[in-house]
Amino acid sequence: MFGISLAFAGLVARAGWVQIVEHEFHVAQGEKRHRQMLELAATRGAIVDRHGALLAVSLVTYEIWAELKRFDRTAVDSLAQALALSPKALQERLDAGPGNVLLKRHVDAQTASRIAQLNIAGVTRVASSKRFYPEGESAAHVVGLTDIDDVGQEGIELAANALLAGAPGEREVIRDRLGRVVSDLRPLVPARHGQTVRLTIDRRIQQLAFAQIKAALERHRAQAGSVVVLDADTGEILALANAPSFDPNARAVMSAQAMRNRALVDTFEPGSTIKPLAIATALDTGLVRPDTLIDTERGRYRLGKHTIHDTSDHGTVSVAQALATSSNIALAKIAMTLPPETLWASYRQYGIGLAPRLPCPGVAAGTFRPWQKWRPVEQATMGYGYGLSASLLQMAQAYTALAGDGTLRPASLIAGDENTAGANVANAGARVTTEDTAATLRTMLEAATLQGGTGRRAQIDGYRIGGKTGTAWKHAGTGYARNKYRSLFVGIAPIDAPKLVVAVMIDEPSGSYYGGAVAGPVFSAVAAGSLQLLGVPPSMPAAPDA
């Protein structure tokens with residue numbers, strides 16, 4: 001009786017300890033085993049172009065899991081075949097550890113259904129999603145990509161990740177000992193699916209621009225190239241293409257160099273493409289007129305210890321002729337007539353030295369030293385595009401002021417997003433030159449593409465266009481590599497009623513390297529195709545066939 005009484009006393013003491021002293025602990029342990037919070041996944045939003053065409057979308061896929069305690073080891077060969085794995089590779093995954101093992105992610109619905117029909121014990125499928133990019137490499141640098149967990153890593157996928165990702169929901173349930181859901185404890189919180197992000201990109205123009213820059217690289221055996229197409233009225237980016245590119249659907253073959261969004265992150269000395277900005281500044285100050293004559297010193301101009309060269313002896317030329325023939329000496333003299341602070345302030349208004357405010361990682365500002373630190377020769381070189389650097393997008397954006405009434409149109413990439421306008425560009429969206437000066441520059445830019453100008457090969461049959469070529473040496477150490485160039489062309493089409501600004505850069509072409517010969521034809525092809533896609537009618541009769 002004593003032993004029995006002692007045992008019952010022990011049971012009472014233990015029951016009291018469990019029910020009173022450790023009550024909260026044991027309740028928590030019970031809830032941990034039976035009460036669970038399930039996460040309800042949110043579907044990532046789509047990325048579409050300005051017309052709603054898909055640029056990125058999430059497809060339903062499955063994860064295949066194996067519960068090792070129940071897995072039928074005799075089914076390794078058939079399961080490996082269904083998963084497109086070797087039996088050895090599948091066995092290595094099965095041997096990775098105890099418990100549940102992930103065999104393969106992003107399995108398509110057809111394959112998952114085939115595995116389910118095999119009815120292999122211990123094999124389950126869990127619904128997931130996989131990002132798919134219909135445009136492949138043509139829009140890769142704009143759209144970017146996500147990692148395996150659907151988190152944005154590059155491009156718009158990274159910049160708009162918060163909008164695209166949405167927020168997961170939750171469901172609190174009670175499970176039985178077999179893991180089956182037997183009841184809900186409270187109403188579920190539905191997932192908030194990601195928003196659709198609409199870009200200013202036109203998929204058709206994007207495809208055209210990419211095809212043309214890719215073909216140009218092959219034709220000239222160049223290292224890289226970029227094309228930017230802007231709406232002249234709004235600054236919206238209709239196309240932004242780089243080559244070489246990458247296919248975000250085939251990640252095994254991607255390289256860091258191919259993933260560089262060169263049009264935004266690479267900067268270079270813009271060379272002669274900046275000359276229209278210098279002339280516009282001089283015209284605004286009244287120091288020169290389009291017919292002001294300038295002696296080009298027979299192609300060689302000494303400035304202290306330095307000599308500025310032209311490609312040939314242009315003689316005495318007017319300011320308009322200086323732009324058409326791309327005289328470095330004439331532009332150096334124009335730059336020297338301007339107060340340095342005036343030239344510096346004017347370039348800043350055009351966005352030089354200021355990063356366009358785009359929702360993309362690594363957007364470059366370029367380099368532009370304060371005017372107080374300029375030496376005389378630096379002030380001279382500012383007139384023809386050396387001593388400073390800019391991205392291709394910055395140069396295209398600057399030309400929007402010349403394409404309209406003198407108002408800079410900040411580049412934008414997400415449709416309707418006012419925050420992506422170039423608010424950090426000085427006087428963004430404000431007039432940076434006069435309407436008369438902009439009209440005068442358009443006349444000069446058209447002359448630069450006619451007979452006698454450097455941009456003849458940029459002409460478009462049936463349309464009047466204007467633009468400026470550029471051929472810039474590349475840096476090598478502390479100097480320049482005399483045999484390495486960047487070929488450039490920035491133009492406006494049509495010049496009589498501007499709709500587009502198109503900028504082209506080709507890095508290290510082989511053989512011919514002048515901007516007019518290398519980049520000019522790319523401008524012609526991209527602008528011509530874009531105008532047709534936009535339904536802009538020709539303004540001139542087509543040239544007769546030769």
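These figures come from a predicted structure and were not determined experimentally.
Remark: side-chain polar atoms of N242 are paired, donor with acceptor, to backbone N or O of R262 under 3.5 angstrom. Here the side chain of D150 pairs no donor or acceptor atom with the backbone of R44 at under 3.5 angstrom. Remark: the backbone N or O of I495 is not paired with any side-chain donor or acceptor of E446 at under 3.5 angstrom.
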Name every donor-acceptor pair, under 3.5 Å, that has one atom in a side chain of residues 511-528 and the other anywhere in the protein, sequence neighbours excluded.
from	atom 1	to	atom 2	distance (Å)
S524	OG	Q459	O	2.8

Indicate every side-chain donor-acceptor pair of residues 297-305 with a distance under 3.5 Å to a residue at least two apart or in another chain.
from	atom 1	to	atom 2	distance (Å)
E297	OE2	K333	NZ	2.6
R302	NH1	T307	OG1	2.8
R302	NH2	G304	O	3.3

Checklist entry - Given L331 and I279, is the side-chain contact (heavy atoms from CB on, under 4.5 Å) satisfied, shown in steps? => result CA-CA 8 Å; L331 267 295; I279 291 176; 3.8 Å; yes
Item to check | T200 vs R50, side chain to side chain donor-acceptor pair (under 3.5 Å): CA-CA, chis, key distance, verdict | outcome: CA-CA 5 Å; T200 62; R50 66 192 299 115; 4.9 Å; no
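Using a 3.5 Å distance cut-off with no hydrogens or angles, the side chains of D202 and H51 do pair a donor with an acceptor. S318 and D291 share no donor-acceptor pair across their side chains, judged by distance under 3.5 Å alone. With no hydrogens or angles considered, a side-chain donor-acceptor pair links E157 and Y133 at under 3.5 Å. A donor and an acceptor atom, one from each side chain of S326 and K275, are located under 3.5 Å apart. Under the 3.5 Å distance criterion, with hydrogens and angles disregarded, a donor-acceptor pair is assigned to the side chains of E135 and Q207. For the residue pair T434/D436, the side-chain donor-acceptor check at 3.5 Å is not satisfied. Looking only at atom types and distance, the side chain of Y463 has no donor-acceptor partner in the side chain of Q532 under 3.5 Å away. Side chains of T367 and S389: a donor on one and an acceptor on the other come within 3.5 Å.
In this structure, the side chains of S346 and D284 stay at 4.5 Å or more apart for every pair of heavy atoms. P410 is not listed as a side-chain neighbour of R357, based on a closest heavy-atom distance of 4.5 Å or more.
Taking the six-membered ring for Trp and the full ring otherwise, the centers of Y485 and F268 sit at least 6.0 Å from each other.
Between R221 and E508, no side-chain nitrogen of the basic residue sits less than 4.0 Å from a carboxylate oxygen of the acidic one, so the salt-bridge criterion is not met. Salt bridge E378/K373: absent, no basic N to carboxylate O contact under 4.0 Å.
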